[in-house]
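Nothing fancy with the numbering, it's 1 onward along the sequence. Only a predicted model underlies this, so the values are computations on that prediction, with no experimental measurement involved.
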Amino acid sequence: MLTKILATFFMMSGSVAFAANDLSFMTEGKPYNEVKQTLIDKGWAPIKNTRIDRASLYAQEIYNMGMTEVTDCISMEIDGCTFLYQKGKQTLEIKTITRQ
């Protein structure tokens, strides 16, 4: 099982307003696989990382486990990873803080 979610969500908007995608359902401490399924259920699509070969070895390991939306990971003290999702013209960045 990978990572618990860190309560840090970054919304990078296009022309759609932030309020159009309420993220109040996101809570800190959920396992990443639960967060991923909830996002998909809410219409967010994982963005496949086409440049995984430029990411850390830990990120490549996560990618090979089927989490192709991983952009990169820091495998030091915190083992944090970043994942990207898209809904319409908006992009959501999810950061995790641990492998648990």
key: Worked verdict on Met26 versus Leu23 for side-chain contact (heavy atoms from CB on, under 4.5 Å)   = CA-CA 6 Å; Met26 302 293 286; Leu23 298 175; 4.2 Å; yes

request  = Test Phe25 against Lys42 for side-chain contact (heavy atoms from CB on, under 4.5 Å), laying out the working first.
outcome  = CA-CA 10 Å; Phe25 61 89; Lys42 298 278 187 182; 3.9 Å; yes

inquiry  = One pair to check against side-chain contact (heavy atoms from CB on, under 4.5 Å): Thr91 and Leu84. What are the steps and the verdict?
reply    = CA-CA 7 Å; Thr91 302; Leu84 288 180; 4.0 Å; yes

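Taking hydrophobic clusters as Ile, Leu, Val, Met, Phe, Trp and Tyr residues chained together by side-chain heavy-atom distances below 4.5 Å, Leu57 does not share a cluster with Phe83.
For Gln86, the side-chain contact (heavy atoms from CB on, under 4.5 Å) criterion is met by Ile47, not counting sequence neighbours. For the side chain to side chain donor-acceptor pair (under 3.5 Å) test, residues two or more places apart in sequence or in another chain that qualify with Asp41 are Gln37. Under the side chain to side chain donor-acceptor pair (under 3.5 Å) criterion, Ser24 pairs with Asp22, not counting sequence neighbours.
We find the CE-CD1 distance between Met67 and Ile52 to be 11.0 Å, quoted to the nearest 0.5 Å. Taking CG of Leu39 as the reference point, atom NZ of Lys87 lies at 9.0 Å (rounded to 0.5 Å).
Among pairs with a residue in residues 63-72, those fulfilling side-chain hydrogen bond (donor to acceptor under 3.5 Å, both in side chains) read Tyr32-Glu69, Lys36-Glu69, Ser56-Asp72, Glu69-Tyr85, at least two apart in sequence or across chains. Applying the disulfide bond (SG atoms under 2.5 Å apart) rule to pairs touching residues 36-79 yields Cys73-Cys81, sequence neighbours excluded.
Looking at every heavy atom in both residues, Gln60 comes nearest to Asp53 through NE2-O, 3.6 Å.
Open room surrounds CD1 on Ile74; 12 or fewer heavy atoms of other groups in view lie less than 6.0 Å from it.
Side-chain contact between Thr82 and Ile94: absent, with no pair of heavy atoms (C-beta onward) separated by less than 4.5 Å.
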